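Written out below as structure tokens is the structure these notes cover.
Atom set for the values below is all heavy atoms of this structure, side chains included, hydrogens, waters and symmetry mates excluded. Quick caveat, the model's predicted, so the values are computed rather than measured. Residue numbers run from 1 in the order of the sequence given.
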Amino acid sequence: MDIYKINDIAELIRGNSYVGRGIVVGKTADGKKACSAYFIMGRSANSRNRIFAEENGCIFTKPFDESKVEDPSLIIYAAVRTYKNNLIVTNGDQTDTIYEGLKAQKSFSEALEARAFEPDAPNLTPRISAMLTFAGGDFTYRMSILKSIDADGTDCARYEFSYPSISGLGHFIHTYVCDGNPIPTFQGEPERVSICDDIDEFTDKLWDALDPDNKISLYVRYTDLATGAIDTRLINKNK
């Protein structure tokens, strides 16, 4: 087993019907851009009734059909926000927890101490989060997963990973291993994946690999490290 292998993200996802929600962060192969991506999938009608919407540089999950919303508590949230030189990407309302924590001079880790996995037994969905910090024409990033320590939700296990940015290398973390009942949660370190230079190539690769029945939305953002220019792609299955 090559622990330093850099995988094609499509090969990790294709054929897996349910990896849940996923975050990818890394640097393009040419070393010029920071990549961040977030996607959501869903099995229930309530989960599938969503779109991504961009408002003032933030990405929110929104109901596609307001009349069909059953329980908005875990499916409607700000997924992407910025605070100063930090870009926050998460799979839940802990986006706001991190944002408010940074405003209060807390670190990424300290802010997340107030949160735990989602209260959606029996799945006990992990909270996954990432934060890119830009400085000096480059960036570093942190990723976190908060997951139940056992099948009963007795307590929360907290895992954090800190990375320098390396050209062509990204890390991919997702909520689930695969479909199931209950759904098995992500295990181990974030997976090493390649980050291509072209945002459309990366977006298409990721979207096309996701299960066609369960995928819902994808947001990809490339940030030019020299100029700060931002290029984004947003795809919603519901139109």
For [X], which residues count as a side chain to side chain contact (heavy atoms under 4.5 Å, CB included) partner, sequence neighbours excluded?
X    : result
E11  : D8
K5   : D2, N7
E66  : P63
T232 : E54, Y219, R221, I230

Which heavy atom in [X] sits nearest to a heavy atom in [Y], and how many Å separate them?
X    : Y    : answer
T223 : G228 : CG2-O, 4.2 Å
A130 : V25  : CB-CG2, 3.9 Å
S67  : D65  : OG-OD1, 2.6 Å
G31  : S167 : CA-OG, 3.3 Å
K205 : A10  : CG-CB, 3.7 Å
S47  : G42  : CB-CA, 3.9 Å

When rounded to the nearest 0.5 angstrom, what is the spacing between [atom1] in [X] and [atom2] in [Y]?
X    : Y    : atom1 : atom2 : answer
T61  : N91  : OG1   : CG    : 10.5 Å
S129 : L146 : OG    : CG    : 6.0 Å
I6   : S194 : CD1   : OG    : 7.5 Å
S144 : I98  : OG    : CD1   : 7.0 Å
L234 : I59  : CG    : CD1   : 5.5 Å
S148 : D152 : OG    : CG    : 7.5 Å

If we only count heavy atoms from C-beta on, is the [X] to [Y] side-chain gap below 4.5 Å?
X    : Y    : value
L87  : V80  : yes
C178 : P184 : yes
I40  : K215 : no
I145 : I173 : yes
N214 : S17  : yes
L102 : N86  : yes
L225 : K32  : no
K147 : R158 : no

Main chain of [Y], side chain of [X]: is a donor-acceptor contact present, judged purely on distance under 3.5 Å?
X    : Y    : answer
R50  : I75  : yes
N236 : K239 : no
R48  : I216 : no
N46  : E70  : yes
D120 : N123 : no

- Message: Applying side chain to side chain contact (heavy atoms under 4.5 Å, CB included) to F186 and T175, what does each step give before you reach the verdict?
- Response: CA-CA 5 Å; F186 182 88; T175 51; 6.0 Å; no
- Item | Under 4.5 Å side-chain linkage, directly or through intermediates, the cluster mates of L218 | I9, L12, I13, Y18, V19, V24, F39, M41, F172, Y176, I183, V193, I195, I199, F202, L206, W207, L210, V220, Y222, I235
- Mind checking who shares a hydrophobic cluster with I51, ILVMFWY linked at side-chain heavy-atom distances under 4.5 Å? F64
- Just wondering, are more than 12 heavy atoms of other shown residues or ligands nearer than 6.0 Å to CD in E110? yes
- Query: Between I166 and K27, does a side chain to side chain contact (heavy atoms under 4.5 Å, CB included) hold up when you go through it step by step?
  - Reply: CA-CA 6 Å; I166 303 296; K27 182 186 278 186; over 6 Å; no
Side-chain heavy atoms nearer than 4.5 Å, only ILVMFWY residues, links allowed to pass through others: does that put [X] and [Y] together?
X    : Y    : result
F60  : I23  : no
M143 : Y99  : no
F161 : Y38  : yes
I88  : L132 : no

- Decide yes or no on side chain to side chain contact (heavy atoms under 4.5 Å, CB included) for H174 and E191, but give the supporting numbers first. CA-CA 9 Å; H174 41 101; E191 296 163 319; 3.0 Å; yes
- Verify salt bridge (charged side-chain N to carboxylate O under 4.0 Å, His left out) between D96 and K103, making sure each step is shown before the conclusion. CA-CA 11 Å; D96 295 334; K103 287 178 64 177; over 6 Å; no
For [X], salt bridge (Lys or Arg N to Asp or Glu O under 4.0 Å) partners two or more places apart:
X    : value
E118 : R21
R43  : D179
E160 : R142
E201 : none

- Message: As a test of understanding, state which of R115, K106, E113 forms a side chain to side chain donor-acceptor pair (under 3.5 Å) with T97.
- Response: R115
- Item | Check ion pair K33-D197 (N to O, under 4.0 angstrom) | no
- Message: For T185 and L124: C-alpha separation, side-chain torsions, deciding distance, then whether side chain to side chain contact (heavy atoms under 4.5 Å, CB included) applies.
- Response: CA-CA 8 Å; T185 60; L124 304 173; 5.8 Å; no
- Query: Passes side-chain hydrogen bond (donor to acceptor under 3.5 Å, both in side chains), D30 versus T28? Steps please.
  - Reply: CA-CA 5 Å; D30 62 11; T28 55; 2.7 Å; yes
- Task: Identify, with sequence neighbours excluded, every residue that meets side chain to side chain donor-acceptor pair (under 3.5 Å) alongside T82.
- Result: none
- Message: Enumerate the ring pair (Phe, Tyr, Trp, His ring centres under 6.0 Å) contacts for residues 111-155, please, sequence neighbours excluded, ordered by first and then second residue.
- Response: F134-F139, F139-Y141, Y141-Y163, Y141-H171
